[in-house]
Structures are given as structure tokens and as C-alpha cells.
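Letters A, B, ... are given to chains in the order of the sequence lines, protein chains preceding strands, and every chain is numbered from 1.
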Amino acid sequence: MPDSKQPDPATGDAPRESEPSARPGVPERPSLEGLEERWSAVWERDGAYRFDRAAVRERIFSIDTPPPTVSGSLHVGHVFSYTHTDTLARYRRMRGMDVFYPMGWDDNGLPTERRVQNHFGVRCDPSVPYDPDFTPPPAGASEGEPVPVSRPNFVELCLQLTESDERAFEELWRTLGLSVDWSMTYTTIGALAQRISQASFLGLLARGEAYQLEAPTLWDIDFRTAVAQAELEDRERPGAMYRVRFAGASGGADALIETTRPELIAATVAVLAHPDDARHHELVGADVLTPLFGTRVPVLTHPLVDPEKGTGLVMVSTFGDVTDVTWWRELDLPVRSVLGPDGRLQEVPWGSPGWETDDLERARASYEQISGRTINQARKRMIEMLEQDGDLVGEPEPVTRAVKFFEKGERPIEIITSRQWFIRTVEHREALIERGRELHWHPPYMRARYEDWARGLNGDWCVSRQRFFGVPFPVWYRLDERGSVLYDDPIVARGERLPVDPSTDVPDGYEPAQRGQPNGFVADPDVMDTWATSSLTPQIAGHAGEDDELYRKVFPMDLRPQAHDIIRTWLFYTVLRSHLDEGVLPWRDAAISGWVLDPDRKKMSKSKGNVVTPMHLLEEYGADAVRYWAANGRPGADTAFDPQQMKVGRRLAVKLLNASKFALADLPPEGPALNHPLDRAVIARLSGVVREATSSFEDYDYARALERTEEFFWWYCDFYLELIKGRRYDPDPDVSASVSHALRLSLSAFQRLFAPFLPFVSEEVWSWWQEGSVHRAPWPDADELAASAAGAHRNGEEMALEVTADVLREVRKAKSQARRPMRAPVRRVVVRDTAARLQALDLGSGDLVAAGAIELLEPVEDDEFVVEVELAPEQEP
RNA sequence: GGGCGCGUAGCUCAGUGGGAGAGCGCUCGCUUCACACGCGAGAGGUCGCAGGUUCGAAACCCGCCGCGCCCACCA
């Protein structure tokens with residue numbers, strides 16, 4: 001409860017009655033309840049975190065915030081890493097920087113599509129015409145087949161759903177106290193992001209850095225879209241190794257190969273051995289026949305073949321895995337494609353060119369058995385047929401192997417030939433590695449992940465996706481007089497028209513009626529990989545091409561914060577785009593966060609069902625407490641989810657409330673200088689802590705800054721505040737003046753040191769006695785504090801504080817062991833110690849005898865520190 | 001198979017050349033004039049294992065073991 005009659009703690013003056021003070025004074029019973037709501041409203045009202053675009057570049061600190069994927073809800077892992085960034089932002093702001101800290105929402109892409117399909121029970125069908133009056137079926141109502149809707153209708157549903165998610169996300173971030181400038185928010189599906197993505201793409205196309213190619217592509221058979229190497233992950237899957245006989249053609253020797261994919265025998269184009277493998281020398285150069293189909297395939301050699309595996313012979317099919325693609329390319333083999341985009345075996349023209357066979361009837365009959373079936377069904381049937389024909393040799397051997405999956409997919413990736421857009425990556429590999437070395441990594445070892453990834457790239461970045469909710473490619477194709485698509489010379493949109501949707505917009509010089517007609521045009525049907533947009537977040541956030549004055553002030557950015565799992569995607573691609581478009585690194589520093597692990601040290605993920613949602617944590621422990629837990633996670637280190645740490649954080653916040661109340665409520669007037677040794681000593685130590693916290697923050701190590709501050713703060717409360725109580729309440733203003741001064745200095749520093757971590761409680765205690773927001777206050781100055789405490793070290797005063805605390809600890813121990821209260825009087829304390837320490841003790845003995853209720857303090861010179869405590873006899877009740 | 005990280009008290013983790021630490025948990029005590037959302041005290045460790053460098057190693061070097069992550073040509 002604010003008390004307007006009490007003296008103003010900052011000045012000691014009585015508040016002016018006529019002018020209601022902005023400073024409410026120290027409340028009777030300070031509390032954490034409701035601080036989030038109260039202060040976030042004030043910060044919003046005052047624009048506390050508003051970016052000031054008038055600032056000069058040197059005073060700007062710009063942050064390339066990760067736009068969280070808008071699909072469902074944020075989890076505690078987001079809270080973790082976004083808190084790390086926020087502490088850094090708040091530190092820089094207090095250092096006087098104008099912090100550019102926008103938020104983005106990554107709403108475009110597959111996760112949203114999937115969510116919309118499930119939520120509304122619809123499916124996108126681009127052949128359906130747009131229905132302007134379409135209303136979706138009520139959520140959960142559709143039991144049966146999903147309703148086909150047009151692409152524009154589908155996109156509308158996506159926008160509708162993401163918008164409500166984004167409101168919920170913003171609400172959570174505000175409750176957590178992220179100091180973002182909410183007037184700068186962007187989305188990856190918005191017009192700005194679309195324009196920048198399309199403009200960048202057209203630039204790359206004009207410079208030959210983007211190209212279109214019909215080639216074997218990583219393909220997800222469920223989503224029916226191409227995916228990129230960076231989106232693959234390995235999953236262990238049980239399988240079996242089959243040994244299969246390929247009969248020698250024209251009476252030659254048989255070849256025994258081993259494969260896990262017998263369903264691809266019809267797609268086999270060669271059998272390979274290692275060039276040095278003597279076992280197969282006579283076979284090399286001959287032809288063998290595929291079992292069941294009788295296709296002639298050559299036996300060739302290639303150094304990648306591992307002679308140790310199986311028989312040393314391997315079949316090459318188009319395409320079973322990425323190695324097949326290498327062999328196919330390097331040995332210039334033909335394509336025999338059996339797998340369709342839907343993951344079923346497709347019709348094959350046996351007997352026509354490329355599908356010649358020594359036994360046409362048998363080939364057709366065999367293929368009849370698997371045509372139209374799924375991969376698993378075809379595999380099963382093939383094994384049965386091979387077994388019947390005696391071409392399956394021995395027993396299949398069960399194996400567990402790593403299979404590549406699209407990270408969001410449910411069935412293994414296949415490789416299917418299709419026309420896709422690519423951005424050149426491989427030829428820039430060395431330059432990109434060099435960019436990675438220019439970047440300052442926190443922690444430094446994270447750079448290895450970047451370099452490993454860059455070195456391991458085996459193809460250019462496939463950026464086209466056969467999906468709907470994304471940024472379309474701004475191109476059309478001409479149709480010839482027969483209506484065939486002419487891919488080689490796309491019509492590109494003019495820059496002023498961007499963003500365009502080629503499926504509804506019409507290219508210059510054409511009429512809408514010419515769409516799909518002979519001599520007319522068609523739209524490129526694809527959208528961009530979501531990373532193709534989010535790799536441009538620095539440009540999007542900075543409004544490149546739209547507000548170049550702003551862009552020049554914030555780009556290249558100062559900081560990219562993100563988690564380590566997306567170094568190969570988000571970080572790598574952003575470096576690539578900036579390198580290709582601007583020829584610079586997109587940021588100077590990268591701060592890499594770890595993951596939140598569940599208590600069993602497993603990664604939290606939706607599929608494991610161990611995800612913790614954060615809102616109830618914020619409600620139960622308070623935002624500051626949750627932030628405290630997060631800020632304890634070292635940069636880059638995976639950290640266990642631990643509500644216990646949140647309780648500790650809450651304790652710390654309460655302690656700051658109470659210590660501030662003790663120090664500031666009815667504080668006597670301060671003197672001009674610190675004239676007591678212990679006051680100078682504590683400020684000298686505080687100066688060291690500020691120095692350490694500052695250098696930790698400069699090194700992006702928020703966790704160390706917090707740890708050092710916290711450690712000293714608890715010590716300060718337990719020892720210094722106890723020691724000075726006598727002088728604090730002394731009615732003689734000459735006695736209390738120095739301690740009053742020290743309390744102001746120290747509390748002011750503590751409140752500011754904690755502000756990046758505990759923004760709500762820090763603002764609360766700051767508001768009791770200071771003008772303005774603590775988050776706009778200058779970061780404590782170690783040199784200034786050291787100057788206030790000048791001479792403390794030289795005069796042995798720091799030692800005085802140390803020895804005084806040592807003795808107080810011994811006195812407390814004696815009382816505790818005697819099971820007496822801490823205020824129990826002590827008749828006599830004998831302190832044995834070195835002369836230097838006894839001399840120092842003398843400087844603090846006044847506070848010591850008061851705090852310990854000591855009647856007689858007796859120093860005795862000795863080599864070893866020993867304290868003898870003689871308690872006064874217990875009084876009878 | 002390669003790379004990176006980690007291994008310190010029951011738990012979570014600091015500590016990078018000289019004394020083995022913190023918080024939580026546990027035990028005991030204390031209505032103390034900021035705080036019982038508190039205060040004080042205590043028990044608890046072969047610093048993964050083995051070797052080396054050094055006057056001295058939890059720390060530096062070599063090897064091994066275990067855990068995690070990333071990557072790989074995964075047939």
C-alpha cells in the first residue's frame with residue numbers, strides 16, 4: 001500500500017503534497033502478484049521497448065529474432081531460448097544502445113497446412129475453383145473424407161488459423177516479459193516477406209544462382225513434395241537383407257547381390273563391384289539379367305562399392321538411395337523409374353525403348369504382380385516370387401538400419417525424378433565456410449556444426465515445394481501451339497509488381513483468358529521451401545527494398561540468436577542468402593541456445609508427448625521465476641526442465657522485494673560519502689561483481705552474469721544487511737548517513753543488475769524510489785562504484801568485511817549448536833587470528849558486536865583463525 | 001565410421017594449475033525489529049577409469065569406458 005506521507009526514499013525529502021509523485025514509495029507488504037500484468041501494460045503505454053529509428057548506426061543493436069513456427073502452441077523450450085535473447089537485449093538497452101528487437105511469426109509452410117487440414121477437415125485441391133462464399137465445416141464436425149477446397153480458400157483458412165495462434169503467442173511473450181518492439185512484427189506469409197522472397201529469387205535467377213532442373217530429387221510420398229537435404233533425419237528401422245541371384249546373360253556367370261530393397265529390382269540399371277575386387281574380375285564387363293524381368297544390365301566397377309559388404313556386388317536402381325544417384329550420374333547410367341510420386345509402383349512400358357527384356361511375357365506377368373502396389377506390398381510380393389523362382393539365395397537376414405526420413409514425414413524418403421528449382425550452394429562451399437569463420441559463435445564450438453554441415457553438402461538447395469501455403473515462385477511459362485509447357489524460358493514478374501501470385505495474376509502482355517490455352521501461359525505451380533523465406537529474416541525485419549533507410553541502419557545485424565538444431569537450416573541458409581545477395585555476413589554474432597530436456601534427459605518433442613506448455617508455469621511461479629530458470633541454462637547447453645529452479649527464482653524475486661523494502665523504507669538521509677570501512681568495502685566488492693557481470697554479458701554469457709550477481713546478492717543479504725542493522729536504525733543522522741548512502745548505491749546497482757533477468761520485480765522495486773523505467777536506466781558502472789569506495793582495498797577495509805563475516809559466521813554456529821536464537825546475547829568472543837586480520841577486524845568490530853549481540857570482543861594474535869564463543873546463560877522463562 | 005559436447009555431493013550444475021564448491025533435497029535448530037515465499041547450522045564426494053606432464057592435476061596431454069547430439073557412400 002503506497003504511503004504518501006513517508007519521506008521520499010530517494011532524496012529523504014518529504015513528498016510535495018500538491019504534486020502526486022510518480023514514485024509510490026515502499027509498500028507495507030510487497031508482493032509479486034500481478035506484476036506481469038501491471039508492468040507490461042505500463043511498458044506498452046510508454047513504448048519502453050520502442051525502436052528509435054532516429055538513432056545512428058553505431059548506437060543500434062539489432063537482433064534477428066527467430067520467428068517461431070506457428071503451429072499449435074509454444075512450449076517451454078521456446079521460453080528457454082527466447083529468455084536468453086531477451087536478457088541480452090535488455091543488457092544492451094541499458095548500455096545505452098537502441099535495440100532493434102522485432103518479433104516474427106513463421107506461419108507459412110507445411111505445419112500450418114497440416115494443422116488446417118486436421119482442424120477444418122479439408123484438403124487443398126488446386127483444380128477446384130475459388131468459392132468466395134465458402135465457410136469451413138465446424139471444427140471437428142467432419143468425420144469422413146476431407147472436403148476438397150480451392151487453393152485460395154485453403155490459404156484463407158491457413159491465414160485465419162495462424163492469426164489466432166499468433167495472438168496467443170504474443171500474449172505469452174508479453175507475459176514472459178520479452179522486450180520486443182511489437183510495432184515491428186512480421187510474418188513469413190505476409191506481403192512484405194513474399195515480396196522480399198520473390199525479389200531475392202528473381203535476383204538469383206537473373207544472376208544464374210537459381211536454376212530449374214529435372215533431376216532425381218528427395219521426395220516425400222505422403223506430402224508429395226520435394227524436400228531438401230537439410231530437412232532429412234535418420235530413423236532406425238528394422239528391415240531385412242536379401243541375397244538375390246542375377247543370372248548371367250548369354251550363358252555367363254551369375255551375380256549374387258545383396259539388397260534391402262528387392263521391390264526396386266525392376267528399376268535396376270547396373271550391378272557394381274569395387275575395381276580392385278579380384279573375386280568379380282571376370283564378371284566385370286559382362287551383362288547379367290534381372291530376375292523375374294530379364295532386363296540386361298551391365299556389371300561395372302566403382303570405387304564407392306564396399307567389397308566388405310555382402311558379396312561385394314551391389315545393384316544400382318533408379319533410385320534406391322542417394323548413392324544410387326551418385327553411381328547413376330558418374331557412370332552415365334539410364335533411368336528406369338518404377339516408383340510414382342504417390343509411393344506406389346507405376347505402370348511400366350515393357351518392351352519399349354529402355355524397357356527391353358529377354359522375356360517380355362515374363363516381365364509383364366511379374367510386374368503385373370506389383371504394379372499399383374505400395375512399396376511394402378511390392379516388396380513382400382517380390383520376395384515371394386523370387387523365392388518361387390529360386391533366385392532368393394539363403395535366408396533373409398534381419399537388419400536394423402538407419403533410414404532417411406523427411407523430418408516431418410511418416411514414411412521413408414524416396415528419390416524421384418522431377419522438375420524443381422535449385423539455389424546454387426555447392427560451388428559456394430568454401431566461401432560459406434569462410435563466412436562461418438568470420439562469424440562470432442557463442443559458444444565457439446558450435447561453429448563445428450556449421451562447418452561439418454557445409455562440408456557434407458552433396459547437392460544444391462532444392463527450394464521448390466509442391467505445396468500450397470507458401471510464397472509462390474513469381475514466374476509463368478509459355479505454352480506452345482500444342483499447349484505444351486516451355487520450361488526453358490520462364491516469364492518473370494516485374495519487380496514493381498511483387499508480390500505476385502502467378503496462379504491468379506497474369507503476366508505482362510497476356511490476357512487472363514490465355515491461361516492454360518495453346519500459345520498462352522501457365523503459372524509455376526509450386527511454392528518456396530519455408531526456409532527460402534525465413535533465410536531472409538534480416539531483410540524482412542529490416543524492410544529491405546521498402547524502407548532502405550531503416551534497412552541500412554539495422555543490417556548487417558548484430559546478433560542472431562537461435563537453437564543448435566537449426567544451424568544446418570536457418571543459420572546456414574541465412575548466411576548463404578546474405579552471401580549471395582549482399583556479399584556480407586548477415587550478422588556479427590550468433591548466440592546458440594541448447595534444448596530443454598525432460599527430467600529423463602530426453603529431448604522434448606510433440607511426438608514423444610513430453611512437451612510442457614508454459615502458460616501455467618508463468619501463472620504458478622511468475623514470469624521472473626521462469627526466466628530465472630531459463631537464464632541458468634548456459635549458452636549452448638541442453639538443460640533439464642526443472643520446476644525446482646523456478647521456485648528458487650521465485651525466492652530470489654521475493655528476496656529482492658524484501659531487501660529493497662528493508663533498505664529503502666524510511667531510509668535516513670544519506671551523507672555525501674561513504675565514511676565507514678564496511679560500507680566502502682561492500683561497495684568495492686559490488687564494483688567487482690558489476691565488472692564481472694558486465695564482461696560476462698559482453699561475452700554473451702548471461703548465465704554467468706546472473707550467477708555472479710545472485711551469489712553476491714545472497715551474501716550481501718545474509719551478512720552485510722545483518723551487520724549494518726544497528727547503524728541503519730541509529731537515530732543519530734551522522735551514524736546512519738554513510739550506511740544510507742551505501743544502501744542506495746548497492747540497491748540501485750542490484751536492481752539494475754537483476755533487471756535483464758527479473759524484469760518485473762526489478763521494475764517494481766525501482767519504481768518505489770526512482771523515476772522512469774529501470775529498463776531504460778544505465779547499466780551499473782563498475783568504475784563509478786570503485787571510485788565511491790576508493791581506498792577500501794589499500795586500507796584493509798575489504799579484509800575487514802571478510803574477517804567480520806567470518807567471525808559472525810562462527811558466532812552464529814555457536815548459537816545454532818546451542819539451540820539458541822540468533823539474538824541470544826554473547827558474553828565473550830575470543831578471536832585468534834593474524835595481526836593483519838585482527839587489525840582489519842577492528843575496523844568492523846562495531847557492526848559485529850551489534851549484529852552478534854556480543855558483550856566483549858577479545859582479539860588474540862595467533863597463526864590460525866579460531867573463534868571461541870561464550871554465550872550468556874539462558875534466562876529462565 | 002567421423003566430428004562436437006558432456007561425465008564433480010542423492011538431484012541440477014559452477015569450478016581450467018595450488019584450500020573440493022553452490023543451490024535444491026535431507027537432518028537439526030531458531031516466532032530475529034526486510035523477508036516463515038524466512039533465518040542459522042550440519043551431514044553428504046575415489047571430481048568416470050587408467051597412464052603421463054608438473055614441486056603440485058578435478059583442471060593440461062594420451063588412451064579407454066559411458067551418455068548425448070550432429071554428420072557419413074545407409075547397398
Counterpart base for [N], defined by Watson-Crick or G-U wobble contacts under 3.5 Å:
N	value
rC60(B)	rG52(B)
rU46(B)	none
rA41(B)	rU27(B)
rC33(B)	none
rC4(B)	rG68(B)

Item to complete: Answer with yes or no whether the side chains of Arg401(A) and Thr260(A) bring together a donor and an acceptor at under 3.5 Å.
Response: yes

Item to complete: Could you verify whether a donor N or O on one side chain and an acceptor N or O on the other, from Asp638(A) and His564(A), lie under 3.5 Å apart?
Response: yes

Between [options], which nucleotide gets closest to the side-chain atoms of [X]?
X	options	answer
Arg568(A)	rA34(B), rC70(B), rC71(B)	rC71(B)
Asn658(A)	rC70(B), rC35(B), rC73(B)	rC35(B)
Val322(A)	rC73(B), rA34(B), rC4(B)	rC73(B)
Trp453(A)	rC71(B), rA75(B), rG40(B)	rC71(B)
Asp321(A)	rG23(B), rG15(B), rA75(B)	rA75(B)

Measure [atom1]/[X] against [atom2]/[N] and give the value in whole Å, please.
X	N	atom1	atom2	result
Ile566(A)	rC70(B)	CD1	P	13 Å
Lys655(A)	rG23(B)	NZ	P	13 Å
Phe80(A)	rU12(B)	CZ	C1'	12 Å
Asn458(A)	rC71(B)	CG	P	12 Å
Asp642(A)	rC13(B)	CG	C1'	10 Å
Lys647(A)	rG23(B)	NZ	C1'	14 Å
Tyr445(A)	rU16(B)	OH	P	16 Å
Asp624(A)	rC37(B)	CG	C1'	14 Å

Between [M] and [N], how far apart are the [atom1] atoms? Round to whole Å, please.
N	M	atom1	value
rC26(B)	rC37(B)	P	16 Å
rU27(B)	rC35(B)	P	27 Å
rG17(B)	rC28(B)	P	41 Å
rA20(B)	rC6(B)	P	24 Å
rU32(B)	rC39(B)	P	15 Å
rC70(B)	rC11(B)	P	25 Å
rU16(B)	rA58(B)	C1'	9 Å
rC33(B)	rG10(B)	C1'	39 Å

Touch check for [X], heavy atoms < 4.0 angstrom, all strands: base, sugar-phosphate only, or nothing?
X	answer
Lys309(A)	base
Arg455(A)	nothing
Glu722(A)	base
Arg809(A)	sugar-phosphate
Gln229(A)	sugar-phosphate
Asp234(A)	base
Val316(A)	nothing
Val654(A)	base
Trp714(A)	sugar-phosphate
Arg651(A)	sugar-phosphate
Asp306(A)	base
Met315(A)	nothing
Thr259(A)	sugar-phosphate

Practice prompt. Give a yes or no on whether the backbone of Gly633(A) and the side-chain of Tyr702(A) come within a donor-acceptor separation of less than 3.5 Å.
Written response: yes

Worksheet item: Between Phe572(A) and Tyr450(A), does the ring centroid distance fall short of 6.0 Å?
Response: yes

Discussion item. Centre-to-centre under 6.0 Å for Phe750(A) and Phe712(A), is that the case here?
Written reply: yes

Discussion item. Does Lys813(A) contact rA41(B) through a side-chain donor or acceptor facing the base, at a distance under 3.5 Å?
Written reply: no

All N/O pairs under 3.5 Å across the protein-nucleotides 25-31 of chain B interface:
| from | atom 1 | to | atom 2 | distance (Å) |
| --- | --- | --- | --- | --- |
| rC28(B) | O2' | Arg819(A) | NH2 | 2.9 |

Fill in: Glu33(A) or Phe662(A), whichever maps to the more 5' nucleotide of RNA chain B
Phe662(A)

Fill in: Nearest-nucleotide 5' precedence on RNA chain B, Met446(A) against Gln817(A)
Met446(A)

Practice prompt. In plain terms, say whether Arg708(A) and Glu710(A) are close enough for a salt bridge, that is, a side-chain N and a carboxylate O under 4.0 Å apart.
Written response: no

Mind checking what makes salt bridge (charged side-chain N to carboxylate O under 4.0 Å, His left out) contact with [X], not counting sequence neighbours?
X	answer
Asp847(A)	Arg727(A)
Asp642(A)	none
Arg329(A)	none

Fill in: Lys309(A): partners by side-chain contact (heavy atoms from CB on, under 4.5 Å), with sequence neighbours left out
Asp306(A)

Item to complete: Sequence neighbours left out, what pairs pass salt bridge (charged side-chain N to carboxylate O under 4.0 Å, His left out) with at least one residue falling in residues 442-459 of chain A?
Response: Arg437(A)-Glu451(A), Arg447(A)-Glu451(A), Glu451(A)-Arg455(A)

